[in-house]
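The figures here come from the full heavy-atom set of this structure, side chains too, leaving out hydrogens, waters and symmetry mates.
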Amino acid sequence: MSTAAAPAPASPTAVFIRLKLTLLRNGLRQSAGRTAAYVISFVGALVFAAGLVVGLIALRGNAHAGALTVLLTGILTLAWAVMPLFFPAGDETLDPTRLVMLPLRPRPLVRSLLVASLVGIGPLFTLTLVTGSVISVAHGAAGATVGVLAVVLVVLVCVTLARAVATASVRLLTSRRGRDLAVLSGLFIAIGAQAVNLAARRLGSPDGLSMLEPLRNVLRWVPPASAISAVDDAGHAAYGRAAAGLALTAAALALLLWWWQRMLTTLMTAPDSSTLQTADKDGARRSGSGERGLARLLPGGRTGTVMLRSLRYAWRDPKSKMSWASALGFGLLVPIISAVQGNGSIYTAFSSSALLGMMMYNQFGQDTSAFWMVASTISSARDAHQELRARAVTLALVAVPYVTLVVLGTAALVGPWSAFPQVYGLSLALLGALLATGAMASALFPYSIPSEGNKNVAPGQAGIAWISLFGGFLTAAALCLPLIALTVWLHIAGMQSLLWVLLPAGAVYGLGIAALGLRLAAPRVVARLPEILAAVSKG
């Protein structure tokens, strides 16, 4: 009696590759829009990579080409390291938490995931760019041989680094804080794009590439950039340094694989703390006496309660956090970019008060559907005034010190110091005017902010949002005309020695106009409370 031979078990690597390709194909079949987006991304990445490769090849023979390729490799590696933190759902097919119930050992799993990770737009872009970098600096047979090894090592290090970081932080990235981090990614990308733009302009100067030599001397010993530097060293017969550069990158790859395997083992064997009972923690919180932390520093009554609620929104709500981060980031970025470009002015510091003051607009829409609980506590103009005043004080609590630091920093970076009193005073006046018009706009032109998705205005309310923001900003600028006229008159009359008066005048004027605006907006909030509630609950 003969028995049939048992079929050989399928290789897990081949299974993972087929799984990824199948999921990718099925995902693209879901809609024509998703297919078009993927095709456009794929073609765009290839075209961009091809342009970079052509530029790198054109630099072949340039004395500073090695410095540029080393820097590009370092930037590329950094991008691979941080992208999983900003886009945690970018590659769901490789989420290790979906594999915890499968009988897979860590070492074969690492190998399979690594090979499957090489399938995609990102690895193809990296391979193209690294190949172009190697062609740019490789000379002779030795350089070409080392270049082949360098391409393989750099691509493997980048992919392994991304997968290890994603595995180590997968539970954070699937939590609320992880989603907040993903929301903030747009800000970091915008700031990074400005930094790249400034760097490209500097590199376009006649001696631009020579400025990279100090960075090259440091990055040549940092893997995987050390592998690209090894290609250049091998072409110039510096075989010792070439071997050291390759060895550093190979060691980094081995270390990353070990760390990734260890993180996988921990992830697939340790319990998830989010599923554990938290009754003891909650009981410990309830047994605590009185208020804690920031609540102790805030005033009592409704003012302190509203301030604490607003600060918690700013810290916990993803969209509120994004608004705060954008205002703080770009308010500081505008003066810095202007200064670096050589056309800086101390008056660019107005961006700090303008961006933060605009956050006073649509105060009730920022509460989304939870505003009905706030509305239930407003029965008189006094209640509405206390609510608006507490929100304005919360904003000023951050805005006034921030504006002070930005104006001081811009005066130190750009100058002249003699302009500091007038710019600081006008900034405080603009901030107060925006608080006043923001309170009024919140009462007259409320609109809903969807809690889900990336939209900041509910469908059908875009016109209301434009009127609220731009109309209110123009009104605030008009309210500052008396101080602007005083500034112009002092300059024309040659009375620069009295410009310091603008600082206390701006502070008092800003405080007064803000208080008046809050006082005028309060009865309108009470009169239009049903309309406000209906408008902010629309999304």
Side-chain angles (χ1 to χ4, degrees), residues 327 331 334-335 338 345-363 385 388-389 391-411 414-445 466-525:
V334 170
S338 300
S345 169
I346 190 174
Y347 293 100
T348 57
F350 286 133
S351 62
S352 59
S353 56
L355 291 171
L356 281 178
M358 294 287 283
M359 294 187 62
M360 186 65 190
Y361 288 72
N362 197 34
Q363 277 292 310
H385 180 259
L388 288 172
R389 184 183 61 187
R391 294 178 184 234
V393 170
T394 304
L395 183 58
L397 191 66
V398 178
V400 172
Y402 177 77
V403 170
T404 304
L405 292 176
V406 171
V407 178
L408 280 172
T410 308
V414 180
W417 277 105
S418 58
F420 170 76
Q422 58 179 307
V423 173
Y424 187 40
L426 290 173
S427 297
L428 294 177
L430 177 60
L431 178 62
L434 287 171
L435 293 178
T437 56
M440 188 67 70
S442 297
L444 299 178
F445 304 105
W466 281 91
I467 294 174
S468 173
L469 295 173
F470 287 93
F473 186 81
L474 291 177
T475 304
L479 291 175
C480 295
L481 284 178
L483 282 179
I484 295 175
L486 176 60
T487 305
V488 174
W489 179 77
L490 289 175
H491 279 282
I492 294 176
M495 304 174 65
Q496 283 81 3
S497 60
L498 294 179
L499 287 173
W500 64 269
V501 176
L502 291 170
L503 198 161
V508 173
Y509 185 83
L511 181 62
I513 201 69
L516 179 61
L518 294 173
R519 186 68 65 178
L520 294 176
R524 288 164 174 79
V525 170

Between A514 and A436 the two heavy atoms that sit nearest each other are CA-CB, 4.0 Å

In short, S352 meets A349 closest at the heavy-atom pair OG-O, 2.7 Å

Only residue of L435, L395, L434 satisfying side chain to side chain contact (heavy atoms under 4.5 Å, CB included) with M359 is L395

Distance col, row L479:CG vs Y509:OH, nearest 0.5 angstrom, shows 5.5 Å

Taking every heavy atom of M358 against every heavy atom of L469, the minimum-distance pair comes out as CE-O, 3.8 Å

Is any side-chain heavy atom of Q496 closer than 4.5 Å to one of L499? yes

Are the side chains of I346 and W417 in contact, using a 4.5 Å heavy-atom criterion? no

(message) A side-chain contact here means heavy atoms from C-beta on lying under 4.5 Å apart; do T437 and Y361 qualify?
(response) yes

Distance col, row L431:CG vs I513:CD1, nearest 0.5 angstrom, shows 12.5 Å

May I ask you to decide if S345's main-chain N or O and T348's side chain share a donor-acceptor pair within less than 3.5 Å?
-> yes

Correct closest heavy-atom pair for L356 and A327 would be CD2-CB, 3.8 Å

Closest non-hydrogen contact found for A433 with A476 is CB-O, 3.7 Å

Shortest non-hydrogen pair, A396 vs P401, comes out as O-CD, 3.8 Å

Fill in: Min side-chain heavy-atom separation I484-W489 under 4.5 Å
no

Taking the side chain as every heavy atom from C-beta outward, state whether Y424 and T404 have any atom pair closer than 4.5 Å.
yes

Rounded to the nearest 0.5 Å, the CE atom of M440 sits from the CG atom of L520 at a distance of 5.0 Å

- Minimum side-chain heavy-atom gap L518-M360 below 4.5 Å: yes

Rounded to the nearest 0.5 Å, the CZ atom of F420 sits from the OG1 atom of T410 at a distance of 10.0 Å

Result for side chain to side chain contact (heavy atoms under 4.5 Å, CB included) between T487 and one of I492, L426, V423 points to L426

Taken to the nearest 0.5 Å, the spacing of L503 CG from S427 OG works out to 9.5 Å

Give a yes or no answer on whether the side chain of S353 reaches the backbone of L430 with a donor-acceptor pair at less than 3.5 Å. no

